[in-house]
There are 2 protein chains.
Amino acid sequence: MPRQTKAPPDPFLKSLDDIRAEGFSPDNCPIRDVMSHINDKWSVLILIALQDRPHRFGELRRALADISQRMLTQTLKGLQREGLLSRTVFPTTPPAVEYALTPLGLSLLPALGAVIRWAEANQATIHAARAAFDEA
Amino acid sequence: MPRQTKAPPDPFLKSLDDIRAEGFSPDNCPIRDVMSHINDKWSVLILIALQDRPHRFGELRRALADISQRMLTQTLKGLQREGLLSRTVFPTTPPAVEYALTPLGLSLLPALGAVIRWAEANQATIHAARAAFDEA
DNA sequence: CGGGATCCTATTGGATACTG
DNA sequence: CAGTATCCAATAGGATCCCG
């Protein structure tokens with residue numbers, strides 16, 4: 001059954017109907033599949049921290065300032081599993097471990113930047129919306 | 001100020017290009033402040049579902065296919081609080097409630113679209129990375 | 001220095017029953 | 001139809017101790 005509604009002024013996104021028409025079900029949805037692994041509390045912040053240069057474990061911990069050691073280890077492992085960053089061990093004493101964006105991770109940054117710039121540009125508007133909602 | 005190769009002296013993250021020069025602390029970070037409210041399991045999918053036209057409650061539920069009624073209500077309320085969508089009640093019997101993107105919500109879609117297109121384009125690469133990681 | 005292992009709490013989210 | 005209310009399971013995430 002075709003969609004009888006008009007198309008959006010700019011085709012920013014496929015509709016859920018279109019996604020479904022391509023054979024994606026809730027169990028096979030690229031949005032859920034990919035985004036559910038970077039939607040956690042720290043992943044995006046870590047990717048941003050690594051955008052300019054590699055960081056060692058302790059450097060990252062200081063850069064994020066309020067992340068627990070457990071979550072830093074765990075999130076780094078998750079991002080490495082997704083192929084977004086690499087982990088390099090230098091066998092010095094004590095050992096040094098360097099985390100860096102992979103080309104795949106680097107390729108995600110422009111898209112993330114669009115969301116981040118939107119967040120920064122609209123933060124005040126959102127705060128106003130929250131206040132108005134909470135008042136009612 | 002030219003970019004330097006050593007770590008910044010403070011624990012503040014630097015963001016992408018045009019906000020890179022702006023320091024922010026964990027307590028005043030637009031990324032955390034804004035994104036922490038839409039990085040849940042359903043918010044992005046709901047925004048996508050509403051991109052073309054408003055939806056009623058039951059329509060949305062069918063569109064998302066596997067969302068519980070509780071989470072749909074809760075996520076819609078959250079997005080309304082952020083000012084991303086509007087809720088309109090038509091006093092018919094039985095009542096009809098229509099959810100629609102606000103201009104603010106609509107303005108977020110291009111940025112989200114960039115991430116989603118990245119996810120679709122790189123899903124296979126990510127699956128390969130996961131398989132390689134899990135094998136080791 | 002860079003973690004691993006363990007314990008604990010807080011939050012998320014699903015299932016179900018009920019309502020105007 | 002569009003929710004609310006309640007209970008419960010699963011997960012996320014912090015604190016602490018330990019080790020090579």
Side-chain angles (χ1 to χ4, degrees), chain A residues 25-27 29 31-33 35-46 49-50 53-82 85-100 133 136, chain B residues 7 11 26-27 29 31-33 35-46 49-50 53-82 85-100 133-134 136:
Chain A
S25 64
D27 288 337
C29 168
I31 306 175
R32 300 194 195 193
D33 177 28
M35 292 190 61
S36 67
H37 293 273
I38 57 176
N39 265 1
D40 55 80
K41 186 172 178 178
W42 300 108
S43 285
V44 170
L45 295 175
I46 289 175
L50 294 178
R53 58 175 180 82
H55 281 61
R56 294 179 58 184
F57 187 89
E59 269 184 321
L60 273 175
R61 194 173 183 184
R62 286 186 295 275
L64 285 135
D66 61 340
I67 190 174
S68 70
Q69 179 204 54
R70 180 186 186 277
M71 289 313 298
L72 181 54
T73 302
Q74 181 175 305
T75 308
L76 286 170
K77 203 175 300 182
L79 292 173
Q80 187 191 356
R81 180 171 186 266
E82 301 299 293
L85 57 80
S86 62
R87 178 179 184 272
T88 307
V89 181
F90 297 95
T92 57
T93 49
V97 180
E98 193 174 86
Y99 293 91
F133 183 90
Chain B
D27 288 338
C29 171
I31 306 174
R32 300 196 196 192
D33 178 27
M35 291 188 61
S36 67
H37 292 272
I38 58 175
N39 71 2
D40 53 79
K41 186 171 178 177
W42 300 107
S43 285
V44 169
L45 295 175
I46 290 175
L50 293 178
R53 58 175 179 84
H55 281 61
R56 293 180 58 183
F57 187 89
E59 270 184 321
L60 274 174
R61 193 174 183 181
R62 286 186 295 276
L64 281 105
D66 61 340
I67 190 172
S68 69
Q69 182 202 48
R70 180 189 187 279
M71 289 313 299
L72 181 54
T73 302
Q74 180 175 305
T75 308
L76 286 171
K77 203 175 299 182
L79 292 173
Q80 187 191 356
R81 180 172 186 266
E82 301 299 293
L85 56 82
S86 63
R87 178 179 184 271
T88 307
V89 181
F90 297 95
T92 57
T93 48
V97 180
E98 193 174 88
Y99 293 91
F133 183 90
D134 292 343

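Side-chain atoms are counted along with the backbone in the values below, which use heavy atoms only and exclude waters and symmetry mates. To find a chain, count down the sequence lines: A is the first, B the second, and so on, and within it residues start at 1.
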**Message:** Can you identify which nucleotide, out of D:dG13, C:dG20, D:dG14, has its nearest atom closest to the A:Ser68 side chain?
**Reply:** D:dG14
**Prompt:** Can you find a side chain N or O atom of A:Lys41 that sits less than 4.0 Å from OP1 or OP2 on C:dT11?
**Reply:** no
**Message:** Without decimals, in angstroms, what is the distance between B:Leu76 CG and D:dA2 C1'?
**Reply:** 11 Å
**Message:** Just the rounded figure in Å: distance from C1' of C:dC1 to CG of A:Leu60.
**Reply:** 13 Å
**Prompt:** Counting any heavy atom closer than 4.0 Å, what does B:Arg87 reach on the DNA or RNA strands: base, sugar-phosphate only, or nothing?
**Reply:** sugar-phosphate
**Message:** Which is more 5' along DNA chain D, the nucleotide nearest A:Trp42 or the one nearest B:Phe57? Just name the residue.
**Reply:** B:Phe57
**Residue pair B:Leu76 / B:Leu85: nearest heavy atoms and the distance that separates them** = O-CD1, 3.8 Å
**Item:** Closest non-hydrogen atom pair, A:Asp40 against A:Ser43
**Value:** OD2-OG, 2.7 Å
**Item:** Derivation and outcome, salt bridge (Lys or Arg N to Asp or Glu O under 4.0 Å), residues B:Glu59 and B:Arg53
**Value:** CA-CA 11 Å; B:Glu59 270 184 321; B:Arg53 58 175 179 84; 3.2 Å; yes
**B:Arg62 CZ to D:dC1 C1', straight-line distance once rounded to whole Å** = 10 Å
**Request:** Round to the nearest Å and state the distance from A:Met71 atom CE to D:dA15 atom C1'.
**Result:** 13 Å
**Request:** Check B:Ala49 against B:His55 and note the closest heavy-atom contact, atom names and distance.
**Result:** O-CE1, 2.9 Å
**Asked** Which is true for B:Tyr99 with a 4.0 Å heavy-atom rule: it touches a base, it touches only sugar-phosphate, or it touches nothing?
**Response** sugar-phosphate
**Asked** Rounded to whole angstroms, how far apart are CG on B:Asn39 and P on D:dA12?
**Response** 12 Å
**Asked** Side chain of B:Arg56: nearest nucleotide among D:dC1, D:dG14, C:dG13?
**Response** D:dC1
**Request:** Between B:Thr73 and B:Pro94, name the one whose nearest nucleotide on DNA chain D is closer to the 5' end.
**Result:** B:Pro94
**Message:** By nearest heavy atom, map A:Ala96 and B:Arg61 onto DNA chain C; which one lands nearer the 5' end?
**Reply:** A:Ala96
**Separation of D:dC1 C1' from B:Leu72 CG (nearest whole Å)** = 13 Å
**Item:** Nearest listed nucleotide, side chain of A:Lys77, among C:dG14, D:dA2, C:dG4
**Value:** C:dG4
**Rounded distance (Å) that lies between atom P of C:dT11 and atom CD of B:Gln74** = 13 Å
**Message:** Tell me whether the side-chain N/O atoms of A:Arg70 come closer than 4.0 Å to OP1 or OP2 in C:dA5.
**Reply:** no
**Fill in**
B:Asp40 atom CG is separated from D:dG13 atom P, nearest whole Å, by 13 Å
**Prompt:** For A:Asp66 and B:Arg32, what are the C-alpha separation, side-chain angles and deciding distance, and is it a salt bridge (Lys or Arg N to Asp or Glu O under 4.0 Å)?
**Reply:** CA-CA 12 Å; A:Asp66 61 340; B:Arg32 300 196 196 192; 3.0 Å; yes
